[in-house]
Amino acid sequence: MEVWPPLLVVILTLGVVSLCGGLEAVAENMTVAQLLPMSSYHRGLATYNAKNFGAEGNGTNDDSKALMAAWKAACGASGTVTLLIPPGTYYIGPTQFHGPCKASAITFLLQGTLKAATDLKRFGNDWIEFGWVKDLTVAGQNDAIINGQGAASWPFNKCPIQKDCKVLPTSVLFVHNQNTVVRDITSVNSKFFHIAVLQNKNMKMINIQINAPENSPNTDGIHIERSTGVVISDTRISTGDDCISIGQGSDNIDIARVHCGPGHGMSVGSLGRYVGEGDVTRVHVRDMTFEGTMNGVRIKTWENSPTKSLAAHMVFENMIMKDVQNPIIIDQRYCPYYDCEHKHVSGVTLKDITFKNIKGTSSMPVAVLLRCGVPCQGVVLQDVDLKYMGEGGSSSKCENAMATYVGYQHPEPCA
């Protein structure tokens, strides 16, 4: 991802459904389901069907208010509850699913398609928000799809060429949640990011499918920022920017068994652009396949950082590269714009970074690029085998890297 400005988050205060008052007249033999209007009750779990709150699911009428009304009822109920979005196509504009909730655990179960409005005037920084919720599960069934309808908006995205640009809306933002599971969801054609994870604790994303054209701008698959304890596994991402990007202030990130391509690869960063950025620590990325991507595993930081920070304790291992332009890259001179000033080195210190068992093919001669600002500390390359099929074979290029090499090395290490 080329640009990630501070988010403007609007807090929507949700009411709590009250079952108090007026119940004295209810017959003693009424079931719990009858006491919960517009819901069903089975196996001890309350289920709220969005269609009972006015959602039509016909792909044309705006279902935003109906879905938020259903969420408000489910969020305000006691115990473990489910908000069911049954089969259908639900056309919605900006929609907030906010807590805190009275429910001890809540499942947002999508069985149909959520389709975004295309009028950008309706949007702020995101389309769908899940925020301030504990023990949230967002799950899909029946090939559930979140369709950002981004193609109509991509021509208005100036961020790839303009430093201070207007950011288009992210499809799904998770903000200030704890103990979240997201699984079996497909996101297609986001206007900007597909999924953004901001200030979350303990989050698992499993079997996520993300698709957008290779030329779709800034359509990062999953972006993580200021979050801790995030796990991504068994996922496939094809998009126009980073498949996964890890932003500032993130700690204890575990990524496994992800297929990336097309796209810009797996990135830590960009880091060091804004004042007061947090450190990025304890990142473990393993068992990934990159196919036809711009980069494989990449760490990117800006020069001229306004404040100092640390990116440390990272392991990238067991990677397969298939025709990747830059399979292994550290770039501390990152700047996607033509008018960057190269006055000062990056303020981000890189420390204890291991690239291990990385194999495959490079589409460019330089298969390993280690471009550090202040010398990187503790960079290790172990068992690297990257071939360039063109004339001259693959090569390495280093600057202030001071790397340690272990085991088999192809291309040859920097002199």
Side-chain angles (χ1 to χ4, degrees), residues 1 4 138 172 174 177 179-187 193-211 219-239 241-271 278-291 293-300 311-322 324 326-330 350 352-360 380-382 384:
M1 163 55 198
W4 182 248
V138 177
V172 185
F174 292 91
N177 302 298
N179 306 327
T180 304
V181 176
V182 184
R183 63 183 308 144
D184 307 324
I185 293 285
T186 295
S187 174
F193 294 169
H194 286 265
I195 298 172
V197 178
L198 178 66
Q199 294 181 308
N200 288 261
K201 294 181 179 180
N202 301 328
M203 183 171 190
K204 293 183 179 180
M205 287 178 273
I206 307 162
N207 189 32
I208 309 299
Q209 310 296 317
I210 292 176
N211 294 290
T219 53
D220 289 45
I222 301 172
H223 177 77
I224 304 165
E225 188 165 315
R226 286 178 277 167
S227 296
T228 183
V230 178
V231 176
I232 302 171
S233 67
D234 304 292
T235 286
R236 192 175 188 95
I237 302 175
S238 303
T239 192
D241 210 296
D242 293 336
C243 291
I244 299 172
S245 54
I246 301 173
Q248 58 99 2
S250 297
D251 174 65
N252 192 20
I253 309 300
D254 189 281
I255 298 168
R257 299 179 301 281
V258 175
H259 184 280
C260 173
H264 291 186
M266 158 76 227
S267 290
V268 176
S270 57
L271 305 176
D279 298 339
V280 176
T281 52
R282 297 192 297 167
V283 174
H284 190 189
V285 184
R286 54 199 163 89
D287 304 313
M288 283 189 69
T289 299
F290 300 85
E291 189 167 4
T293 54
M294 179 182 293
N295 306 289
V297 288
R298 172 172 60 159
I299 301 171
K300 53 180 178 174
H313 315 308
M314 304 183 192
V315 177
F316 304 90
E317 62 179 333
N318 304 333
M319 307 289 183
I320 301 297
M321 306 287 172
K322 298 181 180 179
V324 174
N326 305 294
I328 298 175
I329 176 171
I330 292 176
L350 302 185
D352 296 337
I353 298 165
T354 297
F355 303 96
K356 180 180 179 181
N357 191 29
I358 299 180
K359 302 177 180 180
V380 177
L381 282 81
Q382 179 176 347
V384 174

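Proximity of a side-chain donor or acceptor of T239 to a complementary backbone N or O of T219 within less than 3.5 Å is detected. In terms of modelled atom types and a separation under 3.5 Å, the side chain of D234 and the main chain of I206 share no donor-acceptor contact. Side-chain N or O atoms of E225 include none that pairs as donor or acceptor with a backbone N or O of L198 at under 3.5 Å. Judged by distance alone, with hydrogens and angles left aside, the side-chain atoms of N326 form a donor-acceptor pair with the main-chain N or O of M294 at under 3.5 Å. Here the side chain of T293 pairs no donor or acceptor atom with the backbone of H264 at under 3.5 angstrom. Between the side chain of D220 and the backbone N or O of S245, no donor-acceptor pair lies under 3.5 Å. Of the possible donor and acceptor atoms, none in the side chain of T228 sits under 3.5 Å from a partner among the backbone N and O of N252.
The two atoms that bring P262 and C243 nearest to each other are O-SG, 4.2 Å, heavy atoms only. When all heavy atoms of S250 and R226 are compared, the closest pair comes out as OG-N, 3.4 Å. The shortest non-hydrogen separation linking F174 to V138 is CE2-CG2, 3.9 Å. Heavy-atom minimum distance, I224 versus V230: CD1-CG1, 3.8 Å. Here the shortest heavy-atom pairing between S233 and R257 reads CB-NH2, 3.8 Å.
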Worked verdict on I255 versus I246 for side-chain contact (heavy atoms from CB on, under 4.5 Å)
CA-CA 11 Å; I255 298 168; I246 301 173; 4.1 Å; yes
Trace of the side-chain contact (heavy atoms from CB on, under 4.5 Å) decision for V182 with I208
CA-CA 8 Å; V182 184; I208 309 299; 3.9 Å; yes
Any chance you could lay out the side-chain contact (heavy atoms from CB on, under 4.5 Å) test for M314 and I299, step after step, and finish with the verdict?
CA-CA 10 Å; M314 304 183 192; I299 301 171; 4.1 Å; yes
Apply side-chain contact (heavy atoms from CB on, under 4.5 Å) to D241 and H223, showing your working.
CA-CA 11 Å; D241 210 296; H223 177 77; over 6 Å; no
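Between the CZ atom of R282 and the CG atom of D251 there is a distance of 4.0 Å, given to the nearest 0.5 Å. Rounding to the nearest 0.5 angstrom, the gap separating the CG atom in N295 from the CE atom in M266 is 11.0 Å. Note: I330 CD1 to L350 CG = 6.0 Å, rounded to the nearest 0.5 Å. The CD1 atom of I185 sits 11.0 Å away from the CD atom of Q209 when rounded to the nearest 0.5 Å. Considering CE of M205 and CD1 of I244, their distance stands at 8.0 Å, rounded to 0.5 Å. Interatomic distance, CZ of R286 versus CG of N357, reported as 13.5 Å (0.5 Å rounding).
Side chains of I328 and M319 form no contact here, defined as non-hydrogen atoms less than 4.5 Å apart. Taking 4.5 Å as the limit, some side-chain heavy atom of F316 sits within range of a side-chain heavy atom of V268. Taking the side chain as every heavy atom from C-beta outward, I237 and H194 never approach each other to under 4.5 Å. By the 4.5 Å heavy-atom criterion applied to side chains, N177 and M203 are not counted as neighbours.
Side-chain atoms of H313 and T281 form no donor-acceptor pair, as typed in the model, at a separation below 3.5 Å.
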